[in-house]
Amino acid sequence: MEKIIFDTDIGVDDAFALAYAAKSCDILGITCVFGNVAVEQAVRNARLFSHKIGLDVPVYRGSSRPLAHLPTPSAWDVHGADGLGGVFDNPWSGAAENAIDFIIQSVRDNPDALTIVAIGPLTNIAVAINQAPDIIPQIKRLVVMGGAFGSHGHSGNVTPFAEFNIWKDPHAADQVLSSAIPVVMLPLDVTLEVTVSGDDIRSLNHPVLSTISQGYLAYSKQHGVEGMALHDTLTIAYLNHPEWFGVTTSPVRVVTDRINRGQTLRQLNSPATRDDPFAGCRPQSLCLTVEAEHVKAHFMAALRQ
Ligand code: RIB
Ligand code: CA
């Protein structure tokens, strides 16, 4: 089983991804970050949802705001006021041990053997490699849900240019994606291609997933979309079946300010002769196509009760 750290701003699709990861991964710990909700709520959600699905893994508290930009509102409109559809009472505390320390120590204890799955803003990862650059060559790989490169017309979901996780902290994303860490990106190019309907979710006979996703489905319907994109779940689908993804290799940079804040850029032509923004950046693995039906079928089979 793939040994992972699950770094999340746990909202509804994060929860779907966690339930899926619990079926096929060895989860050392859940590290929480701001994003869909405040980081304290993410800790509470991770504990609540883990308890409801019978998952017993430690939960850690990480970054509460972006590296440089002012904080922006949580995604309460999509994920509900509490981030999990506002349907369950949550008695769990938001206090927890430090996520950054856990990430650093876990990588040092598992050199070249630990995959970090990052499905929220990349702030925790950026802080960890800033504090302990020695871990960069020891991370087996970082699998990220984030970014958008325009395939199938998917160029952004927060703005026309930017995907939510990257837009929330573009400085952190630029530092991490341009680093020497081996990164696999699952951008909107593929995550918007794999959707489940309300009937699909109900057919899982999974009361917790059905309950928390009602609000998300209603939000989608209000915006003319039937069903919900599985987004974060595709990180786990990649770990299970990388062969179902078409991968393009390119260095990646992130626009940090102005109208296209959070836009992810890949190298489309030969390197510039002078100020090349990709110079020295590791070529990363970008999943730009996906065998959507295979991914959806595998997810449904894994989660059906
Ligand atoms: O753009 C989709 C991403 O933003 C997902 O990780 C979702 O959970 C939200 O955080
Ligand atoms: Ca997320």
Side-chain angles (χ1 to χ4, degrees), residues 4-21 30-39 41-43 45-46 49 59 62-63 65-66 71-80 82-85 99 116-125 142-170 172-173 176-177 184-196 209 212-213 215-217 219-220 223 225 227-238 254 261-264 287 290 299:
I4 71 170
I5 285 178
F6 193 86
D7 189 77
T8 177
D9 59 337
I10 180 161
V12 174
D13 64 310
D14 305 66
F16 276 60
L18 183 55
Y20 192 31
I30 299 171
T31 52
C32 294
V33 64
F34 75 95
N36 288 324
V37 292
V39 66
Q41 186 65 43
V43 171
N45 288 353
F49 185 76
V59 177
S63 304
R65 60 154 296 162
T72 52
S74 298
W76 53 269
D77 49 343
V78 182
H79 298 267
D82 68 348
L84 288 181
I116 300 175
V117 173
I119 57 174
L122 291 171
T123 316
N124 286 347
I125 316 306
L142 173 68
V143 182
V144 171
M145 189 280 134
F149 297 96
S151 310
H152 318 297
H154 302 318
S155 60
N157 58 1
V158 180
T159 74
F161 312 107
E163 179 278 326
F164 179 86
N165 290 337
I166 306 300
W167 181 86
K168 287 291 273 189
D169 193 347
V176 171
L177 299 177
V184 178
M185 289 182 76
L186 284 299
L188 295 180
D189 305 58
V190 292
T191 67
L192 284 172
E193 294 294 300
V194 187
T195 60
V196 286
L209 293 181
I212 67 169
S213 55
Y216 195 123
L217 290 166
Y219 172 89
S220 297
H223 290 78
V225 175
M228 61 176 267
L230 285 179
H231 288 309
D232 295 333
T233 302
L234 266 69
T235 58
I236 308 306
Y238 178 85
V254 180
R261 159 184 166 171
Q263 185 173 24
T264 47
C287 296
V290 60
F299 167 78

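Since this is a predicted model, take the numbers as computed values, not measurements. Whatever order the structure lists ligands and atoms in, that order sets their numbers, starting from 1.
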Which residue and heavy atom of the protein sit nearest atom 9 (C) of ligand 1, plus the separation:
Asn36 OD1, 3.3 Å
Do me a favour and list the nearest non-hydrogen protein atom to atom 4 (O) of ligand 1 with residue, atom name and distance?
Phe164 CD2, 3.2 Å
If you have a sec, work out which protein heavy atom is nearest atom 8 (O) of ligand 1 and how many Å separate them, to one decimal?
Asp13 OD1, 2.6 Å
Can you list the ligand 1 atoms lying under 4.0 Å from a non-hydrogen atom of Met145?
2 (C), 3 (C), 5 (C), 6 (O)
For the atom pair CD1 (Ile116) and CD1 (Ile4), what is the distance rounded to the nearest 0.5 Å?
10.5 Å
Check: Asn165 N/O within less than 3.5 Å of ligand 1 N/O:
yes
With a cut-off of 4.0 Å, which atoms of ligand 1 are near a heavy atom of Asp9?
10 (O)
I'd like to know: is the Ca ion (ligand 2) within the 3.0 Å range of an N/O/S atom from Ile119, strictly under that distance?
yes
Of the options Val190, Thr191, Leu186, which is the one that meets Val290 in a side-chain contact (heavy atoms from CB on, under 4.5 Å)?
Val190
Can you sort out which atoms of ligand 1 are near Glu163, meaning under 4.0 Å from one of its heavy atoms?
1 (O), 2 (C), 3 (C), 4 (O)
Per-residue contact class, Thr191 against ligand 1 - non-hydrogen pairs under 4.0 Å
neither
Polar side-chain atom of Asn45 near backbone of Gly11 as donor-acceptor pair, under 3.5 Å:
no
Please check whether Ile119 reaches ligand 1 - meaning an N/O of the residue sits under 3.5 Å from an N/O of the ligand, judged on distance alone.
yes
Determine whether a donor-acceptor pair (N or O, by modelled atom type, separation under 3.5 Å) exists between the side chain of Ser74 and the backbone of Trp76.
no
Of all N, O or S atoms in Asp232, identify the one at the shortest distance from the Ca ion (ligand 2).
OD2
If we ignore angles and hydrogens, is there a donor and acceptor under 3.5 Å between the side chains of His231 and Asp13?
no
Could you verify whether a donor N or O on one side chain and an acceptor N or O on the other, from Glu193 and His154, lie under 3.5 Å apart?
yes
Metal-centred angle, OD1 of Asp14 through the Ca ion (ligand 2) to OD1 of Asp9, rounded to 10 degrees
90°
Hey, can you tell me if Phe16 and Phe299 have their rings parallel, tilted or perpendicular (30° and 60° cut-offs)?
parallel
Do side-chain atoms of Asp14 reach the backbone of Thr8 as a donor and acceptor pair under 3.5 angstrom?
no
Single hit among Ile119, Thr123, Thr31, Leu122 for side-chain contact (heavy atoms from CB on, under 4.5 Å) with Asp7
Thr31
Should the proximity of Val12 to ligand 1, defined as any heavy atom under 4.0 Å, be assigned to the side chain, the backbone, both, or neither?
neither
How close does the nearest protein non-hydrogen atom get to atom 6 (O) of ligand 1, and which residue and atom is it?
Asp232 OD1, 2.5 Å
